[in-house]
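Everything on this sheet refers to the single structure shown next.
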Amino acid sequence: MDPSPGATPYSAPAGCPMNQQQTSLYGPEFAADPHRAYDAFRAHGPAAPIELAPGVDATLIVQHEAALRVLQNPALFARDSRRWKALREGAIPMDSPVLPMMVYRPNCLFTDGAEHLRLRKAVTESLARLSSSRLSRDVERIADYLIDQFIERGTADLLNEYAKLLPLLLFNQIFGCPGDIGDRLTRSMSAIFDGEDVLRANEELTACLMELVALKRRQPGEDVTSWLIQHPAGLRDEELKDQLVVLMGAGVEPERNLIANALLLMLAGDQSGGPERRGSGMLVEDALDDVLWNNPPIANYATHYPVRDIELDGVVLKAETPVLISFAAANSDPSLTDARQTLSKGAHLAWGAGPHVCPAKSPATLIALTAIEKILNTVPDLSLAVPASGVGWRPGPFHRALISLPVRFTPTAARRTTTGTQPPAPTSAQLPDPYRNAAPQQAPAGRHAAEPVKKQKGWWSSFLDVFRV
């Protein structure tokens with residue numbers, strides 16, 4: 001479903017009582033100040049009833065200790081969303097924007113027990129074949145390409161033109177995508193993350209990944225797709241497709257938010273407030289740690305389903321209902337005062353915990369670190385184009401994501417430019433969505449009317465034209 005102009009896919013109609021509910025996680029009020037909501041939720045105890053989207057109810061764990069008890073107890077809290085009673089009974093709208101992030105896929109995120117171990121082993125061992133030096137080189141190369149698209153303007157939106165695109169293009173590289181498949185993968189994944197026409201986007205995502213799997217079975221390469229195919233787990237095509245989906249889902253959205261949120265903190269300087277938030281005086285590593293504590297890229301997720309009714313410190317978690325972990329609320333739990341004061345890396349839950357803990361913590365950190373250092377070193381006089389307090393946060397129940405990150409700097413010449421290969425650059429202050437290809441232009445009248453319209457290149461094929469990876 002396409003949201004109306006100015007709306008979000010999670011918006012309720014104007015005047016609807018849903019807009020006044022304090023339990024919803026999808027409106028602009030929650031996005032503007034989620035920690036106020038988390039404080040209110042704590043009045044319920046360790047967990048609170050919430051609404052993820054219109055008609056989608058769940059329970060949110062907001063206490064650090066309770067979160068660990070759920071995350072570390074797979075015998076009582078399953079991840080297989082086929083247990084979701086309301087979904088089985090048809091009570092959940094099938095076009096709900098949260099379904100792509102919650103519906104069952106046969107991958108290591110939504111499985112339990114021996115099946116989870118089999119799939120997770122294939123994923124972790126395939127990821128382990130990526131060398132740090134190769135990953136850093138790929139990030140720098142993509143970053144160079146993206147920076148070239150805006151460095152001559154003197155203005156940019158570092159969310160939509162940099163942090164949002166870099167991980168998507170990087171996964172095309174890691175998966176070994178050819179140009180056409182990569183363009184479609186970029187387009188469909190972005191639509192799913194943004195909640196736009198999710199049914200169509202999910203169909204396109206499935207189709208292009210199945211094409212990629214078929215291609216890599218015929219022509220394997222030095223990429224994660226080929227390594228998953230070659231793994232002794234013997235994954236079927238459908239399983240291969242869904243491991244790729246979970247890798248992108250768990251990597252792209254969190255990575256772009258980690259990069260953008262850390263850049264905001266570093267560029268905010270003294271605007272960030274508080275003696276412990278040193279803004280532009282921070283090292284990149286410190287900024288990343290601060291974000292993981294205070295604005296974790298995935299704020300509420302890790303959906304579990306109690307196998308039976310379970311009492312958690314006075315709160316009953318009903319069997320076969322979604323129970324989500326609020327990593328953001330757990331990190332701000334008042335019981336963690338000492339750990340928060342030192343921003344201890346071992347205490348926050350931004351990477352999860354238990355058998356489903358993020359398997360890509362090290363590469364994800366390396367990607368963000370490299371991307372941030374590259375933009376700061378290449379464009380050393382970056383500054384925010386708006387006050388730090390004026391940036392907008394994108395509504396949605398799962399993420400902590402900026403809408404945009406406008407900056408200004410001294411224009412300089414692009415370093416690598418191949419005429420005619422770049423996607424069209426934004427030309428106005430209101431930047432278009434860089435994922436969407438330009439609409440085909442009508443052929444001019446006259447003798448050229450019968451000439452075919454040249455297809456607009458997408459971001460991945462344009463990148464390949466420059467670097468020929």
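Note: hydrogens, waters and symmetry copies are ignored here, and every other heavy atom, side chains too, is used. What you see is a predicted model; the values in this text were computed from it and never measured. Heads up: numbering here begins at 1 and tracks the sequence.
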**Request:** Find the distance between CE (M210) and CG (L244) and round it off to the nearest 0.5 Å.
**Result:** 10.5 Å
**Request:** For residues C208 and I181, report the shortest heavy-atom separation together with the two atoms involved.
**Result:** O-CG2, 3.7 Å
**Prompt:** In terms of the angle between their ring planes, are Y305 and W84 parallel, tilted or perpendicular, with boundaries placed at 30° and 60°?
**Reply:** tilted
**Derivation of the salt bridge (Lys or Arg N to Asp or Glu O under 4.0 Å) call for R134 and D138** = CA-CA 6 Å; R134 170 183 169 178; D138 289 341; 3.6 Å; yes
**Asked** Are any non-hydrogen side-chain atoms of W351 and L349 less than 4.5 angstrom apart?
**Response** no
**Message:** Would R118 and E115 count as a salt bridge (Lys or Arg N to Asp or Glu O under 4.0 Å) here? Give the steps.
**Reply:** CA-CA 5 Å; R118 181 179 75 91; E115 184 66 1; 2.9 Å; yes
**Request:** Begin with the C-alpha distance, continue with both residues' side-chain angles, and end with the deciding distance and a verdict on salt bridge (Lys or Arg N to Asp or Glu O under 4.0 Å) for K164 and D157.
**Result:** CA-CA 10 Å; K164 195 174 184 181; D157 176 352; over 6 Å; no
**Item:** Lys/Arg cation over aromatic Y104: R82, 6.0 Å, 45° cone
**Value:** yes
**Asked** So do R400 and P34 actually touch side chain to side chain, heavy atoms under 4.5 Å?
**Response** yes
**Request:** Locate the shortest heavy-atom distance separating V386 from P406; write the atom from each residue and the value.
**Result:** CG2-CG, 3.8 Å
**Asked** So how far is it from L135 CG to L170 CG, rounded to the nearest 0.5 Å?
**Response** 6.0 Å
**Message:** Tell me whether E204 is salt-bridged to R200, with the criterion being a basic N under 4.0 Å from an acidic carboxylate O.
**Reply:** yes
**Prompt:** Should W393 and L402 count as side-chain neighbours, where that means a heavy-atom distance under 4.5 Å?
**Reply:** yes
**Asked** When you measure from the side chain of D223 to the backbone N and O of S226, does any donor-acceptor pair fall under 3.5 Å?
**Response** yes
**Request:** Check side-chain hydrogen bond (donor to acceptor under 3.5 Å, both in side chains) between E65 and all other residues, then give those that pass, not counting sequence neighbours.
**Result:** none
**Message:** Is the shortest side-chain heavy-atom distance between T303 and Y301 below 4.5 Å?
**Reply:** yes
**Request:** May I ask you to check whether N300 and Y38 show a side-chain donor-acceptor distance below 3.5 Å?
**Result:** yes
**Flag for T186-N172: side-chain donor and acceptor within less than 3.5 Å** = yes
**Prompt:** Are I61 and L324 side-chain neighbours, meaning at least one heavy-atom pair lies under 4.5 Å?
**Reply:** no
**Request:** Give, for atom OH of Y162 and atom CD1 of I375, the distance between the pair rounded to the nearest 0.5 Å.
**Result:** 5.0 Å
**Asked** Can you tell if the side chain of V245 reaches within under 4.5 Å of the side chain of R105, non-hydrogen atoms only?
**Response** yes
**Asked** Are any side-chain N or O atoms of Q149 and backbone N or O atoms of Y145, one a donor and one an acceptor, separated by less than 3.5 Å?
**Response** yes
**Item:** Full working for salt bridge (Lys or Arg N to Asp or Glu O under 4.0 Å) between D180 and R184
**Value:** CA-CA 6 Å; D180 178 62; R184 292 159 56 204; 3.5 Å; yes
**Any side-chain donor near an acceptor of the partner, D290 and N294, under 3.5 Å** = yes
**Request:** Nearest 0.5 Å please: distance from the NE2 atom of H304 over to the OG atom of S81.
**Result:** 12.0 Å
**Message:** To check you understand the geometry: which heavy-atom pair defines the closest contact between A368 and L288, and what is its length?
**Reply:** CB-CD2, 4.0 Å
**Message:** Could you check whether any side-chain heavy atom of M102 comes within less than 4.5 Å of a side-chain heavy atom of L52, counting everything from C-beta outward?
**Reply:** yes
**Message:** Just verifying a value: how many Å separate S24 OG and I50 CD1, rounded to the nearest 0.5 Å?
**Reply:** 9.5 Å
**Request:** State, with a plain yes or no, whether a side-chain heavy atom of C108 is found less than 4.5 Å away from one of Q243.
**Result:** yes
**Asked** How long is the gap from CZ on R415 to CD1 on I147, to the nearest 0.5 Å?
**Response** 6.0 Å
**Request:** Check the angle between the aromatic planes of H116 and H356 and answer parallel, tilted or perpendicular using the 30° and 60° thresholds.
**Result:** tilted
